[in-house]
Every structure is written in structure tokens, then in C-alpha cells.
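Written below as C-alpha cells is the structure these notes are about.
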Amino acid sequence: MGRGIAGRHVFITGASSGIGAETARQFAKRGAFVIASGRSVDKLEQLREELGANCAIYRLDVRDSNNVHETVDSIVRTYGRIDILINNAGYGLFEYLESMSLESIADMMDTNYMGVVRCTKAVLPVMRRAGSGHIINVASIAGKIPTAKSAAYTASKHAVHGFSHALRMELRGSGIDVSVVNPGPVDTGFFSIADPSGQYLSNVKSFTIKPEQVAHAIVKLAEKPRMEADVPGYLGAGANLYRAFPRLLDRVLHALTNRK
């Protein structure tokens, strides 16, 4: 049976723009109370003005453990609970590994993976006390289908994918659900950082989707929890094909994403 969204407290990281902001809008439209967080206070203020009484905002850097715990403590003191956690904060850099600095690789892993871990660990005690909750982690289809120029990014999202499924097993019977969302390339400001040249985006343009599609999948998971959702579904089917025929798909993906 599906769950109602109205009245639930939804904590979203990386809500300044893109998938996070659109997810906040869709939850608010369904009557949820949205707690939007991110590093861009100006953009968060705009979101709060748009959503009105259904939204609160917090400046949050998921790389900062103290900031994460202080934010969660403040939310609980002020609003009493967190029913749903959407771990969405993250970014990508699409470069050949040889061209990337170790600092860039470490920062991407710190944000994309350890940010999920920090926020989850901070929120879990809150959900444990309530005896219920739902953690939805935004990974990527890149964590299931590797492509050229994404070794570091793929590793960070593969980590989120594995973390989510293992955590779900740990929490079985606790009343806390864990789901993972795997979007394909999303047409947002993500690529202005990930791919300043525009080359990678051009190579995968035919596969790009809108943030509204991902947000819709996240809301549907909140309404009816399940293990994971691939967006769009055919890319999930592609991931299954890759596992079945890795040598064949390696050649195809190399030709698609490794163009000069």
C-alpha cells in the first residue's frame, strides 16, 4: 500500500538547484514540509520564497561533519522529526583519470559518497527513535554502467549504490526503508562543472533527461518504497545488458563516450 506525502518532513541535500530543487517543489506540491539544504543560500532563499510555508532552508556543506550534525540537531529541535532523507548533494568531473588531480578525485568522493554517509549517520538515530523513516540516495546510472572520462565519478556513485543496498539489509525490520535512484545524464547545470568543454554532453545528448523526471521517481519511491529506480528505465535495462555482455558493451560505450 502506498504512503501519503502530505504532512511528512522531507530533508533534501543539494536542493539549491537541479534535481534537488525540483524534488523540493514536487514534495511541497503534495503537501509535504520540505527542509531544503545546500551551499548556495541565495538560491535556497529563492526556493523558500517560491514554496512559502511548506519550506525551511539550511546552509549545508555535506563535506563538513560538524555542519551536518549541527544542521540535523537544529532541524529536530525546531521541527521535531525527519521522515524522509533525500541524499542528493553531489557533482561530477568528466576527465581522463591521468588529467585529474588527486585532490579533485578525493573531493568528489568526499562529497558524493562520504556526504551520503555523514548525512545518513546523523539522521539514522532520529529515525531509530521514531521507529520509521525512509532514506533515498541519489546515485547515478554511471555507478552501474561505466564510461570513458568518468572513472572517478563512476567510483563515487558505485560506492553510493553499494552503500544503499548494504544499509537496507542492516535496517531490515527496523521500520526504516532505504532506496537508491540511478538517473541517467540530467540536463541541468551539472554539466557546466562536469563538462565545461561540452564534448561529453554532446556525446551523450540523446540520453539526457529532465530533472523533473528524476524528482518524479523520487516522490514515487517515497509513496511506495522499493529497492531502486533507474531513470529512465531503459538505461537500467542497459545496465543489466552490460553485466550480461560486458565485452560487447565495452566496445559500444568506448565508441560513444571516448570520442575526441
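FYI, side chains are in, hydrogens and waters are out, and symmetry mates aren't considered; it's all heavy atoms of this structure. Quick caveat: nothing in here was measured; it's all calculated off a predicted structure.
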Atom [atom1] of [X] and atom [atom2] of [Y]: how far apart are they, to the nearest 0.5 Å?
| X | Y | atom1 | atom2 | answer |
| --- | --- | --- | --- | --- |
| Ile35 | Ile12 | CD1 | CD1 | 9.0 Å |
| Ser140 | Asn182 | OG | CG | 7.0 Å |
| Glu103 | Ile105 | CD | CD1 | 9.0 Å |
| Arg59 | Arg39 | CZ | CZ | 8.0 Å |
| Ile176 | Arg128 | CD1 | CZ | 5.0 Å |
| Leu124 | Glu170 | CG | CD | 9.0 Å |

Closest approach of [X] and [Y], non-hydrogen atoms and distance?
| X | Y | value |
| --- | --- | --- |
| Ser16 | Gly38 | OG-CA, 3.7 Å |
| Pro183 | Ala139 | CD-O, 3.5 Å |
| Arg226 | Ser179 | O-OG, 2.6 Å |
| Arg81 | Gly7 | NH2-O, 2.7 Å |
| Thr154 | Ala142 | CG2-O, 3.0 Å |
| Asn88 | Gly14 | ND2-O, 2.9 Å |

*asked:* Using a 3.5 Å distance criterion without hydrogens, assess whether the side chain of Ser74 forms a donor-acceptor pair with backbone atoms of Glu70.
replied: no

Test item: Arg118 side-chain N/O and Asp110 main-chain N/O as donor-acceptor pair under 3.5 Å:
yes

### Task
For side chain to side chain contact (heavy atoms under 4.5 Å, CB included), just list the numbers for Ile135 and Val123, CA-CA rounded to whole Å, side-chain angles, deciding distance to a tenth of an Å, and then say yes or no.
CA-CA 9 Å; Ile135 299 164; Val123 170; 5.6 Å; no

Tell me yes or no: between the side chains of [X] and [Y], is some donor less than 3.5 Å from an acceptor?
| X | Y | result |
| --- | --- | --- |
| Ser104 | Ser101 | yes |
| Asn67 | Asp61 | no |
| Ser164 | Asn137 | yes |

I'd like to know if [Y] and [X] are part of one continuous hydrophobic network [Ile/Leu/Val/Met/Phe/Trp/Tyr, side-chain heavy atoms within less than 4.5 Å].
| X | Y | result |
| --- | --- | --- |
| Val178 | Ile82 | yes |
| Val68 | Val10 | no |
| Leu167 | Val126 | yes |
| Leu85 | Val214 | no |
| Val117 | Leu171 | yes |

Any side-chain heavy atom of [X] sitting closer than 4.5 Å to one from [Y]?
| X | Y | answer |
| --- | --- | --- |
| Ile57 | Leu47 | no |
| Lys121 | His69 | no |
| His165 | Met227 | yes |
| Ile75 | His9 | no |
| Phe163 | Thr120 | yes |
| Arg129 | Pro125 | yes |
| Asn87 | Val138 | no |

- [ ] Show the numbers, then the answer: is there a side chain to side chain contact (heavy atoms under 4.5 Å, CB included) between Thr111 and Tyr91?
- [x] CA-CA 8 Å; Thr111 303; Tyr91 73 99; 3.7 Å; yes

Notebook entry, point to check: Counting only heavy atoms not in His158, do more than 12 fall under 6.0 Å of its NE2?
Noted result: no

| request: For the pair Tyr153 and Phe94, name the ring-plane relationship: parallel under 30°, tilted 30 to 60°, perpendicular over 60°. | output: perpendicular

task: Hey, can you tell me if Phe33 and Tyr79 have their rings parallel, tilted or perpendicular (30° and 60° cut-offs)?
output: tilted

request  = Take Glu223 and Arg30, measure what side chain to side chain contact (heavy atoms under 4.5 Å, CB included) needs, and give me the verdict at the end.
outcome  = CA-CA 11 Å; Glu223 292 176 329; Arg30 287 162 173 79; 3.9 Å; yes

By side-chain hydrogen bond (donor to acceptor under 3.5 Å, both in side chains) - contacts of [X] (at least two apart):
| X | result |
| --- | --- |
| Ser156 | Asn112 |
| Asn54 | none |
| Glu45 | Arg48 |
| Glu22 | Arg25, Gln26 |

Grouping ILVMFWY residues whenever side-chain heavy atoms fall under 4.5 Å, the cluster of Val41 otherwise contains none

Criterion side chain to side chain contact (heavy atoms under 4.5 Å, CB included) on Phe27 and Ile84, from CA distance to verdict:
CA-CA 11 Å; Phe27 271 108; Ile84 302 171; 4.2 Å; yes

Looking at Asp177 and Arg172, is any side-chain nitrogen of the basic one under 4.0 Å from a carboxylate oxygen of the acidic one?
no

Ion pair check, Lys144 and Asp230, cut-off under 4.0 Å
yes

Those residues at least two apart in sequence (or on a different chain) that pass salt bridge (Lys or Arg N to Asp or Glu O under 4.0 Å) with Lys29 are none

The side-chain contact (heavy atoms from CB on, under 4.5 Å) partner of Phe11 among Asp83, Val72, Val34 is Val72

